[in-house]
Amino acid sequence: MYKAPRGTSDILSEEQAYWRYIEAKAVDLSRLYGYQRLDTPVFEDAGLFARSIGDNTDIVTKEMYTFEDRSGNLLALRPEGTAPVCRAYLEHGMSNLPQPVKLYYLAAIFRYERPQAGRYRQHYQFGFEAIGESDPALDAEVIDTAWQFFGSLGIKQLSLYINSIGCKGCRPAYLDALKQHYSTRTSKLCEDCKTRLGKNPLRLLDCKQVSCQDAAVSAPKGADYLCAECGAHFAAVQKYLHALNLPFQINNRLVRGLDYYTKTVFEIQPPGEGAQSALGGGGRYDDLIEELGGNPTPAIGFASGMERVVLNLKRQEVSVPGLPKPDVFIAYLGDEAKLEAVKLASDLRQNGIAVALATGVRSLKSQLRQADSLDNKQVVIIGEEEIKRGTVTLRNMVTKEQQVVSQAMLGETLKQSHVREKNG
RNA sequence: GUGAGCGUAGCCCAGUGGUCUAAGGCGUCAGGUUGUGGCCCUGAAGAUCGAGGGUUCAAAUCCCUCCGCUCACCCCA
């Protein structure tokens, strides 16, 4: 038997209610904040990701699904959403549009990782990017958008962490200071951190090992190394966040895993522990567009993992709207009635009424059981008597009331009761 | 990539060497008379006990290998 590949899963109908709910909120939020949808290909030139995410990041070195197609092009399943959006921005000359250009996506993301709670090899992200504007008010707006997204979903007790990791001008000095600080106490560091020291010193700050945390407490703080511009930018972002009443906390150990981030970074976390805590995260990437061959263009974005959102909706027992059900179930008795039922079902459907039609040869009892298990509120019964008179029997499964309705009037009657149900 | 736990019908699971020709519950299907559901009752279908190898007179049960799932590390959404 074939199985879905490791780290992937089918989203079955019981789950779909959550997904539709999240998508609807995402689409509505995008409308409110002025984002247009952008769908990019599932695969891209592998180089796009190596260039943008960073050659030495885990994503590029060991997590990408890279493959050669039949003409020898080196492609990769997208391991994140921002780079493709930037590529599209450049490819379609969007720098000629009024800035910022605001785009959102709901897309599958692929990373070859060991699966665990909230982490998959194929997962979906809702993300949005605002490109072409450096105003710190935009940082605050993007953070607000992310915050409102979770708020509108009904997920509570979230934490919002922000930090500034500086720009290419001031960050090197900070990294040097960090390296210097840690290199005098390598004996106390865990093995992972020893390699991190050479590869990505920022990561040392959020290591969970006790001895490493001791070293982190006394480590130089990023805020002290920000240049005048980055410092002012960060201060302004906070000013706007205050104005928006967002309950943010500065976390000077907040570091993001992708190389392209500059200045503002932020993350939203659900309550409780659990390894994959981030529900979503984002930040500024002021150098990325230029790195991809465009003019210097500031930008900021955010992405959240849909599976983690679903997980948290379930944990917090948020009730989501159910999936649509048939408006009516049609049961029939005998071959002649079945023929009428088939025609009737088609007519009703063409009138916009969702119909579940009994199948096969079943007793009326069995058909009603089926209707009940499908949670149908209305059942049409058609048998010999009804055919003779050109009528149907309409049974309300909740009240058990039955009425005889002419076949011609059935559609209208059903629509009316549908409206009543909605209003009632 | 590292570590730990686990793999018995669609789902939840009992069974820890012979009584297993594998139990129960949910779900599915049928029936409980002639055209009426939800409760209840009866019955049926559904399992190469994750795969392969080994130990043994005998393996779902013990051992090995592999695969998969779950959780954690790493990393990230």
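Residue numbers begin at 1 in each chain, while the letters A, B, ... track the order of the sequences.
For the P atom pair drawn from B:rC26 and B:rC63, the interatomic distance equals 35 Å after rounding to whole Å. Look at the C1' atom in both B:rG25 and B:rG15: the space between them is 15 Å, to the nearest Å. Going from the C1' atom of B:rC12 to that of B:rC69 covers 16 Å, rounded to whole Å. With P as the reference atom, B:rA14 and B:rC74 are 33 Å apart, rounded to whole Å. Using atom P as the reference point in both B:rA44 and B:rU2, the two lie 50 Å apart (nearest Å). The same atom, C1', is picked in B:rG68 and in B:rC62; the two are 22 Å apart, to the nearest Å. Using atom P as the reference point in both B:rA59 and B:rG18, the two lie 11 Å apart (nearest Å). On the C1' atoms, B:rG24 is 8 Å away from B:rC13, given to the nearest whole Å.
Atoms CD1 (A:I387) and C1' (B:rG35) sit 13 Å apart, rounded to a whole Å. If you measure from atom CZ of A:R308 to atom P of B:rC75, you get 14 Å, rounded to the nearest angstrom. Put simply, CZ on A:R119 is 13 Å from P on B:rC69, counting in whole angstrom units. The interatomic distance linking A:R6 (CZ) with B:rG68 (C1') rounds to 7 Å, in whole Å. If you take CZ of A:F110 and C1' of B:rA77, they are 14 Å apart, rounded to a whole angstrom. Atom CG of A:L279 and atom C1' of B:rA77 are 9 Å apart (whole Å). The CD1 atom of A:I381 sits 9 Å away from the P atom of B:rU36 (whole-angstrom rounding). Note: NZ (A:K3) to C1' (B:rU70) measures 13 Å, nearest angstrom.
With a cut-off of 3.5 Å on both pairing distances, B:rC20 has no Watson-Crick or G-U wobble partner at all. The pairing partner recorded for B:rC11 is B:rG25, the criterion being a Watson-Crick or G-U wobble arrangement whose two distances lie under 3.5 angstrom. Of the nucleotides present, none pairs with B:rU55 by Watson-Crick or G-U wobble criteria with both distances under 3.5 Å. Figure legend. B:rU48 is base-paired to no nucleotide; pairs are counted as Watson-Crick or G-U wobble with both atom distances under 3.5 Å. Across all strands shown, the partner of B:rA72 is B:rU2, judged by Watson-Crick or G-U wobble contacts whose two distances both fall under 3.5 Å. Across all strands shown, B:rC39 has no partner, as no Watson-Crick or G-U wobble contact with both distances under 3.5 Å is found.
Residue A:L258 has its side chain nearest to B:rC76 when only B:rC71, B:rC76, B:rC69 are considered. Among B:rC69, B:rC75, B:rA72, the nucleotide with an atom closest to any side-chain atom of A:A117 is B:rA72. If you check B:rG35, B:rC74, B:rG37 against the side chain of A:D58, the one that comes closest is B:rC74. When distances are taken from the side chain of A:R196 to each of B:rC74, B:rG35, B:rC76, the shortest belongs to B:rC74.
Ion pairing between a basic and an acidic side chain is recognised when a charged N comes within 4.0 Å of a carboxylate O; A:D327 and A:K325 show no such pairing. Between A:R256 and A:E267, at least one side-chain nitrogen of the basic residue sits less than 4.0 Å from a carboxylate oxygen of the acidic one, meeting the salt-bridge criterion. Between A:E23 and A:R20 no salt bridge is recorded (no basic side-chain N to carboxylate O distance below 4.0 Å). A:E129 and A:K102 are not joined by a salt bridge, as no carboxylate oxygen comes within less than 4.0 angstrom of a charged side-chain nitrogen. Ion pairing of A:R31 with A:D28 is present here, as a side-chain N (NZ or NE/NH1/NH2) and a carboxylate O approach within less than 4.0 Å. Salt-bridge formation is not detected for the pair A:E291/A:K168: no Lys NZ or Arg NE/NH1/NH2 atom is positioned less than 4.0 Å from an Asp or Glu carboxylate oxygen.
Aromatic ring orientation, A:Y65 versus A:F110: perpendicular (interplanar angle above 60°, classes split at 30° and 60°).
You'll find the side chain of A:Y261 stays beyond 4.5 Å of the side chain of A:D259, heavy atoms only. In this structure, A:S164 and A:V265 have side chains that are not in contact, with every pair of non-hydrogen atoms separated by 4.5 Å or more.
In this structure, A:G7 reaches the sugar-phosphate backbone alone: every heavy-atom distance under 4.0 Å involves primed, P, OP1 or OP2 atoms, never a base. Counting non-hydrogen atoms under 4.0 angstrom, A:Y124 reaches nothing in the nucleic acid.
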Produce a footprint string for nucleotides 29-34 of chain B: one letter per nucleotide, 5' end first; B if the base is under 4.0 Å from any protein heavy atom, S if only the sugar-phosphate is, - if neither.
SSBB--

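Between the base of B:rC74 and the side chain of A:Q116 there is a donor-acceptor pair shorter than 3.5 Å. At a cut-off of 3.5 angstrom, counting only N and O atoms as typed in the model, there is no donor on one side facing an acceptor on the other between the side-chain of A:R203 and the base of B:rC74. For a distance-only test at 3.5 Å, the side chain of A:R114 fails to qualify as a donor-acceptor partner of the base of B:rG1. For a distance-only test at 3.5 Å, the side chain of A:Q367 fails to qualify as a donor-acceptor partner of the base of B:rU36. For A:E386 against B:rG35, a side-chain-to-base donor-acceptor contact under 3.5 Å is present.
RNA chain B is contacted by both A:P5 and A:L368; A:L368 maps to the nucleotide lying nearer its 5′ end (nearest heavy atom per residue).
Look at A:R111 and you won't find any side-chain N or O under 4.0 angstrom from OP1 or OP2 of B:rC75.
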In a table with atom names and distances, give each donor-acceptor pair under 3.5 Å that connects a side chain of residues 2-14 of chain A to protein atoms at least two apart or in another chain.
unit_1 : atom_1 : unit_2 : atom_2 : d
A:T8   : OG1    : A:P5   : O      : 2.6

